[in-house]
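Lettering of chains follows the sequences in order, A, B, ..., and the numbering in each one begins at 1.
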2 protein chains.
Amino acid sequence: MHELATYIKLFFPVAEDELAAIAGQFRPLEFAKGDYFLKQGRYCDRLAFITSGLIRLYREVDGKEVTQWISSKGYFVTDLASFVFQTPGRWNIQALTDCTLYSIDRTAYQNLNQTIPKWQELDKLFVAKCFVMLEERIFSHLHMTAEERYHRLLADSPELFNQVPLQYLASMIGMTPETLSRLRSKQLKG
Amino acid sequence: MHELATYIKLFFPVAEDELAAIAGQFRPLEFAKGDYFLKQGRYCDRLAFITSGLIRLYREVDGKEVTQWISSKGYFVTDLASFVFQTPGRWNIQALTDCTLYSIDRTAYQNLNQTIPKWQELDKLFVAKCFVMLEERIFSHLHMTAEERYHRLLADSPELFNQVPLQYLASMIGMTPETLSRLRSKQLKG
DNA sequence: ATAACTTCTTGATTTTTATCAAGCGCACGC
DNA sequence: GCGTGCGCTTGATAAAAATCAAGAAGTTAT
């Protein structure tokens with residue numbers, strides 16, 4: 001549990017008693033490689049914090065899996081639209097490796113909102129931070145080439161290249177596996 | 001002012017007195033075509049709701065302007081990272097036409113957070129809704145062609161095509177003006 | 001009204017990326 | 001141990017999109 005508290009403290013100052021009250025609402029949760037946290041179309045009624053492992057968000061389009069994002073230690077994971085607005089889930093959310101999480105369900109989450117004012121603010125700041133990350137990610141698609149996006153991912157998250165099938169990374173940055181493969185070999189030679 | 005209140009009510013149920021208290025903190029603000037709401041690098045200390053006009057977010061990269069988004073009536077406009085986390089503004093935010101806005105500054109905004117609990121929730125929901133829109137926008141870059149993104153923009157926001165220079169729209173959906181032009185003429189012929 | 005701009009279009013060409021197809025290396029199960 | 005499948009690479013080709021260049025149409029300023 002302390003890992004979530006540590007992470008929150010790094011992000012935003014919260015009094016110890018509030019921190020304990022918040023963290024106390026999260027329950028440990030384990031996933032084995034291949035397990036689904038959410039299947040597309042079902043309602044997502046939980047939000048989880050990852051303490052170890054990798055989790056992939058993807059959606060099927062024309063029979064192909066398109067990977068939206070891969071979350072690792074220190075990230076929260078949920079289908080935000082489904083969790084917050086109670087709409088059908090838009091993503092498949094699957095463990096790429098065995099994972100340890102701390103999870104909170106909708107009800108407990110809403111209780112936090114009412115009982116701990118600081119949580120409201122914290123929660124808003126988390127979402128705002130994620131919003132800003134997505135803005136930058138969109139921007140990268142507006143002006144960068146596939147090669148530039150590859151180099152950025154490599155710079156930002158080099159660890160993913162050892163741990164995640166490259167085809168998922170290719171999809172996540174908007175190119176085919178073949179293109180990613182060629183960019184990699186080009187880098188080795190160049 | 002009632003326009004902001006109307007918009008909020010559509011989005012989320014709020015008691016009339018709270019609504020009045022919220023809306024009362026926003027001040028009318030006018031921009032002439034070409035005026036800047038924010039210049040890149042400066043701090044953004046306000047959040048505004050658009051009641052008429054069009055506003056473009058863009059950033060300069062390698063001497064070229066890249067348009068991130070065009071906001072119109074019913075949208076909020078700000079540089080969220082700058083407004084919330086007090087970092088230097090990442091966008092130029094410029095009026096494409098004369099605009100009428102309702103604006104709130106950081107101080108008043110933070111007062112709302114403390115005095116009106118419902119505002120905290122409302123504000124979080126706004127950001128969450130925008131987050132979900134951005135997720136979908138990223139996804140469209142992962143699996144759609146330029147032509148598909150053009151058709152989607154045309155379906156979602158046909159009014160922009162009469163009111164906004166096409167080069168800005170092209171940039172916003174990640175293609176050159178020439179490509180957009182060809183897709184348009186292809187559609188006329190096909 | 002006319003010159004100067006800006007915006008958009010069109011054409012020719014190059015570059016980038018996707019697609020299709022084959023093969024390699026490795027892990028896994030039988 | 002030996003197929004079998006999966007993930008990755010490589011090659012050939014096709015398609016998509018960018019770039020470069022020129023010109024048309026409409027706007028703005030003088």
Side-chain angles (χ1 to χ4, degrees), chain A residues 32-34 54 56 58 60-67 70 94-98 138-154 158-190, chain B residues 32-35 54 56 58 60-67 70 94-98 138-154 158 160-190:
Chain A
K33 178 176 178 173
L54 293 167
R56 176 172 75 118
Y58 72 93
E60 271 186 40
V61 180
D62 305 328
K64 286 180 197 165
E65 293 182 354
V66 179
T67 297
I70 291 165
Q94 185 184 30
L96 282 183
T97 63
D98 293 351
I138 288 169
F139 192 71
S140 77
H141 281 276
L142 299 186
H143 78 283
M144 284 176 144
T145 63
E147 184 162 13
E148 289 167 326
R149 293 197 302 277
Y150 160 64
H151 282 296
R152 167 168 291 189
L153 181 64
L154 190 60
E159 73 285 0
L160 290 182
F161 287 81
N162 323 327
Q163 299 175 44
V164 174
L166 294 174
Q167 55 182 318
Y168 297 162
L169 297 184
S171 175
M172 191 178 117
I173 53 179
M175 65 188 70
T176 60
E178 292 93 333
T179 296
L180 178 59
S181 175
R182 291 191 172 98
L183 292 173
R184 276 160 51 85
S185 75
K186 182 176 170 185
Q187 193 184 28
L188 288 177
K189 289 164 193 162
Chain B
K33 178 176 179 173
D35 285 352
L54 293 167
R56 176 171 76 117
Y58 72 95
E60 269 184 44
V61 180
D62 305 328
K64 286 179 197 165
E65 293 182 354
V66 179
T67 296
I70 291 166
Q94 185 184 31
L96 283 183
T97 64
D98 292 351
I138 288 168
F139 192 72
S140 77
H141 281 276
L142 300 187
H143 78 284
M144 284 176 146
T145 63
E147 183 163 12
E148 290 169 325
R149 294 197 302 277
Y150 159 64
H151 282 295
R152 169 169 291 190
L153 181 63
L154 190 59
L160 290 182
F161 287 81
N162 323 326
Q163 298 174 44
V164 174
L166 295 174
Q167 55 183 318
Y168 297 162
L169 297 184
S171 175
M172 190 177 117
I173 53 178
M175 66 188 71
T176 60
E178 292 94 332
T179 296
L180 179 59
S181 177
R182 291 191 172 98
L183 291 173
R184 276 161 49 83
S185 77
K186 181 176 171 185
Q187 193 185 28
L188 289 176
K189 290 165 193 163

Determine, for nucleotides 21-30 of chain C in 5'-to-3' order, which nucleotides have protein heavy atoms under 4.0 Å from the base (write B), from only the sugar-phosphate (write S), or from neither (write -). ----------
Side-chain atoms of residues 159-173 of chain A: list all donor-acceptor pairs with protein atoms under 3.5 Å, sequence neighbours left out, distances to 0.1 Å.
| residue | atom | partner | partner atom | Å |
| --- | --- | --- | --- | --- |
| A/Gln163 | NE2 | A/Glu159 | O | 3.4 |
| A/Ser171 | OG | A/Thr67 | N | 2.8 |

d(CG, B/Leu183; P, D/dA16) in whole Å: 11 Å
To the nearest angstrom, the CD-P distance between B/Gln187 and C/dT10 comes to 14 Å
Using the salt bridge (charged side-chain N to carboxylate O under 4.0 Å, His left out) criterion, which residues pair with B/Glu65? Sequence neighbours excluded. B/Arg56
Mind calculating the distance between OH (B/Tyr150) and C1' (D/dA16) to the nearest angstrom? 17 Å
Whole angstrom value for the distance that separates P of C/dA18 from NZ of A/Lys64: 10 Å
By nearest atom, which of the nucleotides C/dT19, D/dA18, D/dT10 is closest to the B/Thr179 side chain? D/dA18
Over how many whole Å does the gap from A/Gln163 atom CD to D/dG7 atom P extend? 17 Å
Does D/dA17 have OP1 or OP2 under 4.0 Å away from a side-chain N or O of B/Thr176? no
What distance separates B/Asp35 CG from B/Thr97 OG1, expressed to the nearest 0.5 Å? 11.0 Å
Residues in salt bridge (charged side-chain N to carboxylate O under 4.0 Å, His left out) with B/Glu178, at least two apart? none
Qualifying salt bridge (charged side-chain N to carboxylate O under 4.0 Å, His left out) pairs with a residue from residues 140-151 of chain A, counting only residues at least two apart or across chains: A/Glu147-A/Lys186
Which nucleotide, C/dC8, C/dA18, D/dT9, lies nearest any side-chain atom of B/Leu166? C/dC8
Would you name the heavy atoms of A/Ala95 and A/Ala32 that are closest together and state the gap between them? CB-O, 3.6 Å
Please report the distance, rounded to the nearest Å, between NE2 in A/His141 and P in C/dT17. 12 Å
May I ask you to decide if B/Lys33's main-chain N or O and B/Asp98's side chain share a donor-acceptor pair within less than 3.5 Å? yes
Whole angstrom is fine here: how far is it from CG in A/Leu142 over to P in D/dA18? 11 Å
Would you give the length of the straight line joining atom OG1 of A/Thr145 to atom CE of A/Met175, rounded to the nearest 0.5 angstrom? 8.0 Å
Between D/dT19, C/dT10, D/dG7, which one does the side chain of A/Gln167 approach most closely? D/dG7
Worked check of side chain to side chain contact (heavy atoms under 4.5 Å, CB included) between B/His151 and B/Leu183: CA-CA 9 Å; B/His151 282 295; B/Leu183 291 173; over 6 Å; no
What's touching nucleotides 14-16 of chain C from the protein side, N or O pairs under 3.5 Å?
none

Check the distance between D/dA18's P and B/Met175's CE and give it to me in whole angstrom. 7 Å
